[in-house]
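What follows is a set of notes on a single structure, which appears directly below.
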Amino acid sequence: MLSSDRLRIVLAASEAVPFSKTGGLADVSMALAKSLDTLGHSVTVIVPDYRQLRLSKQEQRPDVADTELRFSLSMNGRYVTGGVNWTMLPDSGVKVLLVSQPDYFDRPQLYMEDGQGYVDNCARFCFFSRAVMEVCQQMVLRPDIIHCNDWQTGLIPALLHSQFAGRPGFENAASVMTLHNMAFQGRFWSPDMPLTDMDGSYFNMHHMESWGDLNLLKTGISFADQITTVSPTYAREVCTAEGGEGLDALLSYRRKDLTGILNGIDTAIWNPESDPFLPASYSVQEINPGKAVCKSALQERMGLPQRDRVPLFGMVSRMSDQKGFDLLAECASRLLFDDIQIAFLGTGDARYEDYLQHLAHEHPSRVAVYIGFDEGLAHQIEAGADGFLMPSRFEPCGLNQMYSLRYGTLPIVRRIGGLADSVVNVDPETLRAGVATGFVFDDYSSTQLAETVERAVELYRQPNVWEQVIKNGMSADWSWQNSARQYVETYRRAIERRHDRAADNRQ
Ligand code: ADP
Ligand code: GLC
């Protein structure tokens, strides 16, 4: 690669494995960073330094050192000091900078406790976004691209456009804003505006204000040079009233700068041939006995009867309205009429946690639930289950269906967002063509979900066909390479747009 082709990329995110994680964003930010590094670019990831890092198990905890950089930001009239720790991601050239501010980030959770968001989330993530700019400047990172993710970093494109425009170190910097989930927008009351350090005149409907509130996701969309969503279908959905969560008009207006890029998966971490969490390994060439061993071990761990010919469905998910738990509740008795087993892993809304625990109590030989966050069990469910449930109301991308495909576990999904872009429905034609990989339904309806699970159970009773569908899914390539290349193209478009803007301003 010519040095002029090598981009200096700063990727800012509110979570990244192995430092912190509540959902797919954490997997995506780190896996993308690694892939961009492999393509020859220079990548620095900046994340908050949460307590989670200190709590991680000794063997998973990266060695972190203090850079000794300190900075102070005026937060609504009060000075708040931050520091920066750093580490390198093992086996890569990716540098990770952790913004430390114990009052903001040394807390039990990342964003909320007991279902309530922290009351100072606006201050916490305005501080983080402003710290990213401060760190870029003081550590002379001279980014070509600042890649922002979700509302927690939505302020960055605005800062780059205003007070940081043309500052030394930012002459060439363009911004990309990735939308992982439009349901979370970072909406705060207008008196929080000074926390952003932006001029009050930007509090208007074209920039930072939405329905009287400060909206940090809208801010990012308004100011970013390019916008991406985490799947092509989601890019179309966010431009509609149904999927745009009130920002569809703005996104339609910016349609030419909006690209949908399907997430990949980290194929080193999610690999049934070498997964350290599994009791046995397997591959597309030799699925059994490895997968059968994983199934039996999962049944044992979850307290389900160890039977090999019963279809076992898994679900690993944040327990929120997004993920279709209400549909499952509506059709549970119909589903459990069949001889099937279901293993759930997740945390989230108390009403779903309680409901599932109740269901397991009522049907101990069919339903098992583990409430909590458990990386190892997530891998064991992906491997040990026969089918995987994702009846989401909306799903910007979804990673679990791709993990499932790679682990020979047939996904049952709704035809929306990234699920539509990654799973091919089993029907006579797709079976004949050798491309069927799972079961897809259209409407957000419990009847359709139940019918689709019944279709899966029926196919399970034809082991040869079932195995062929497993093989179709396991053979597909879900690695990041292709998606990382698309991000690089998007970065180059962002840089072009940034130059055009600069030229316009000079005229
Ligand atoms: P989202 O980001 O909307 O939660 P994704 O499918 O993109 O959905 O990613 C979810 C990620 O979080 C997956 O890696 C999944 O395995 C993981 N995950 C979710 N809940 C849990 C849990 N309770 N324990 C372990 N991993 C979980
Ligand atoms: C969000 C979405 C999920 C997506 C993930 C990573 O949390 O809900 O669909 O896979 O971000 O992009």
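Read the numbers this way: they start at 1 and go in the same order the structure lists the ligands and their atoms. These values consider heavy atoms only, across backbone and side chains, with no hydrogens, waters or symmetry-generated copies.
Remark: Arg107 is positioned above the aromatic ring of Tyr118, its terminal NZ or CZ atom under 6.0 angstrom from the ring centre and at most 45 degrees off the axis.
When Glu15, Gln322, Met182 are checked for heavy-atom proximity to atom 8 (O) of ligand 2, Gln322 turns out nearest.
The aromatic rings of Tyr50 and Phe105 sit perpendicular, their planes meeting at an angle over 60°, well past the 30° parallel limit. By the 30° and 60° cut-offs, the orientation of the rings of Tyr355 relative to His358 is tilted. Ring pair Phe277/His379 is tilted by interplanar angle, where 30° to 60° counts as tilted.
Set against the non-hydrogen atoms of Val28, the atoms of ligand 2 under 4.0 Å away are 6 (C), 12 (O). Less than 4.0 angstrom separates some heavy atom of Arg318 from each of these atoms of ligand 2: 8 (O). Below 4.0 Å from some heavy atom of Val230 lie the following atoms of ligand 2, by number and element: 12 (O). Of all atoms in ligand 2, listed by their number and element, those nearer than 4.0 Å to a heavy atom of Asn263 are 6 (C), 10 (O), 12 (O).
Residue contacts with ligand 2, taken as heavy atom pairs separated by less than 4.0 Å, do not involve Gln401 at all. Only the backbone of Leu25 comes within contact range of ligand 2, with a heavy atom under 4.0 Å; no side-chain atom does.
Other residues, nucleotides and ligands contribute only 12 or fewer heavy atoms inside 6.0 Å of the OH atom of Tyr253.
Annotation: Cys397 places an N or O atom under 3.5 Å from an N or O atom of ligand 2; distance criterion only.
Aromatic ring centroids of His147 and Tyr491 lie under 6.0 Å apart. Ring-centre distance between Trp151 and Phe184: not below the 6.0 Å cut-off.
When atom types are taken as modelled, the side chain of Gln101 and the backbone of Tyr104 share a donor-acceptor pair closer than 3.5 angstrom.
In terms of protein heavy-atom proximity, atom 11 (O) of ligand 2 is closest to His180 CB, 3.4 Å. Scanning all protein heavy atoms for the shortest distance to atom 3 (C) of ligand 2 gives Glu395 OE2, 3.4 Å.
Residues passing the side chain to side chain contact (heavy atoms under 4.5 Å, CB included) test with Asp374 are Arg301, Leu345, Tyr370, Leu377, sequence neighbours excluded.
Of the charged side-chain nitrogens involved, at least one lies within less than 4.0 Å of a carboxylate oxygen, so that Arg351 and Asp321 count as a salt-bridged pair. Salt bridge annotation for Arg414-Asp442: absent, with no cationic side-chain nitrogen under 4.0 angstrom from a carboxylate oxygen.
Under a 4.0 angstrom heavy-atom cut-off, Gly398 registers as being in contact with ligand 2.
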Go ahead and list the nitrogen or oxygen contacts between ligand 1 and the protein that come in under 3.5 Å, distances to 0.1 Å, or just say none.
unit_1	atom_1	unit_2	atom_2	d
ligand 1	2 (O)	Gly24	N	2.6
ligand 1	3 (O)	Arg318	NH2	2.7
ligand 1	3 (O)	Lys323	NZ	2.8
ligand 1	4 (O)	Arg318	NE	2.7
ligand 1	6 (O)	Leu399	N	2.9
ligand 1	7 (O)	Leu399	N	3.4
ligand 1	8 (O)	Lys323	NZ	3.2
ligand 1	9 (O)	Gly24	N	3.2
ligand 1	14 (O)	Lys21	NZ	3.0
ligand 1	16 (O)	Asn400	OD1	3.2
ligand 1	23 (N)	Gly372	O	2.8
ligand 1	24 (N)	Asp374	N	3.0

